[in-house]
There are 2 protein chains.
Amino acid sequence: MTPPTLTLTYFGIAGAAEPIRLAAAIGKVPYIHKSLEFKDWPEYKKTTPVGLLPLLEVDNGKDDKQVIPESVAILRYFGKLGGLYPTDPLEALKVDSIVDSSLDSMKAIALTVQGSVTNMISDEPWTKEEVAAIRKRIATTKDAGLLMYMAYLNGVLEKNGSGWFVGDSVTIADLMVLRVTSWVGSGMLDGIPPETLDPFPLIKAHMEKIAALPEVKEFRDKHTTPYGNFKFGMK
Amino acid sequence: MTPPTLTLTYFGIAGAAEPIRLAAAIGKVPYIHKSLEFKDWPEYKKTTPVGLLPLLEVDNGKDDKQVIPESVAILRYFGKLGGLYPTDPLEALKVDSIVDSSLDSMKAIALTVQGSVTNMISDEPWTKEEVAAIRKRIATTKDAGLLMYMAYLNGVLEKNGSGWFVGDSVTIADLMVLRVTSWVGSGMLDGIPPETLDPFPLIKAHMEKIAALPEVKEFRDKHTTPYGNFKFGMK
């Protein structure tokens, strides 16, 4: 059976598609990347299932071409195709649990980012001052989600001992945690200083461990971030 | 190999554990349910990995007993053990995508429920009036998340045609959607009237289809909701 043609559509930024792109790079999963410019988004959005990117088009050459939303679902699919998701149910449970903890750790920050769920609850977004106050709380309060999860994840690394979150090789759990840690550690978020990760040495070592993978190095050399108006294909 | 002993800890309410319990009932997965009283939660919370329930204890009789958080990860595990999660990666992608859309559909409502992420961003929860205004928006505005997702999910059911979300039998995708629809349709949420689901006839038929499964009927006859101080085991 010929594998289907996969087309991933997202903006030319890291964001929610980056774990998928890294999974494809590490797992050698062929796909076409369709890069969308922000100015084209309002029109394009009307054609999407739930108004969200990334989207995956799965084309098996027959009539039932699928267009599937939800970045983590897509990541899990690429993970399975590329061998970054365990076939053993208990090992997969550990991976899924870390993936979901990563998502939970971002919840409070995500609320402070324009275009997120806050749009659903109000026409008036938080002011810059309100966002700064919320972010300060997130970056300094132990029970405010982010720090609690970082401590937990640091502890999971310590217990596992391999430098990876589950087992002794990279899985999609590592890529989801990296999504959070690279965002939090980037200094791009006003109010969240990069030093926020300093109390978690194993998390910082984990970021370096992924960066040192040859496939990730090659991917990053090829695709500078932000990607800009760049269509890249790996097929 | 002897399968591990599974113990699920949660409060005696439906909530986040109900899709897991239903998956176990339908898929005949043996497990022990440890029901926690709300009064015991503050003490118990200190012993949990990230301060959240449900938790799954996986005991294979050896030294490395695992205690794993995150309800959807646990659901996926039970789904695999019970045959409610496809082994084909593309079918699993469809299931995962629906699971994640269900979660997204709840995001805005979840913000209005005490004990959720709002605790992470402020010491002062929204007032009753603010919650009512937000919920009214959620239940009446097309782009406010909930209704957009219900329309999308109704459309997926229409396209699939079997009455189930993926393929022609029940999967964990159905149980996650049910978590949302049974909550939204219950009238328990001030400001979200049960009629909110009326424009989505296939969603309403879907709820009845799950309720009509013999294993679900039997489970619901045995365990009235809320469960109260009831320890139930299916082992």
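In this text, all values refer to a predicted model and were calculated from it rather than measured experimentally. Order of the sequence lines sets the chain letters (A, B, ...), proteins ahead of strands, with each chain counted from 1.
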Q. Looking at OG of Ser97(B) and CZ of Arg76(A), how far apart are the two atoms once the value is rounded to the nearest 0.5 Å?
A.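 Rounded to the nearest 0.5 Å, the OG-CZ separation comes to 11.5 Å.
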Review point. Rounded to the nearest 0.5 Å, what separation is found between the CG atom of Leu93(B) and the NZ atom of Lys80(A)?
Key: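 Those atoms lie 8.0 Å apart.
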Select one option (side chain, backbone, both, neither) describing which atoms of [X] are under 4.5 Å from chain A's heavy atoms.
| X | value |
| --- | --- |
| Ile98(B) | neither |
| Val72(B) | both |
| Leu103(B) | neither |

- Query: Counting heavy-atom pairs under 4.5 Å to chain A, which of Ala92(B), Ser101(B), Gly51(B), Ala151(B) comes out on top?
  - Reply: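 Result: the option with the highest number of such pairs is Ser101(B).
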Largest heavy-atom contact set with chain A, pairs under 4.5 Å, which of Val99(B), Leu90(B), Leu52(B):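 Result: the option with the highest number of such pairs is Leu90(B).
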Closest non-hydrogen atom pair between [X] and [Y], with its separation:
| X | Y | value |
| --- | --- | --- |
| Ala73(A) | Asp100(B) | N-OD2, 3.3 Å |
| Pro89(B) | Tyr77(A) | O-CD1, 3.4 Å |
| Val50(A) | Tyr149(B) | CG1-CE2, 3.7 Å |

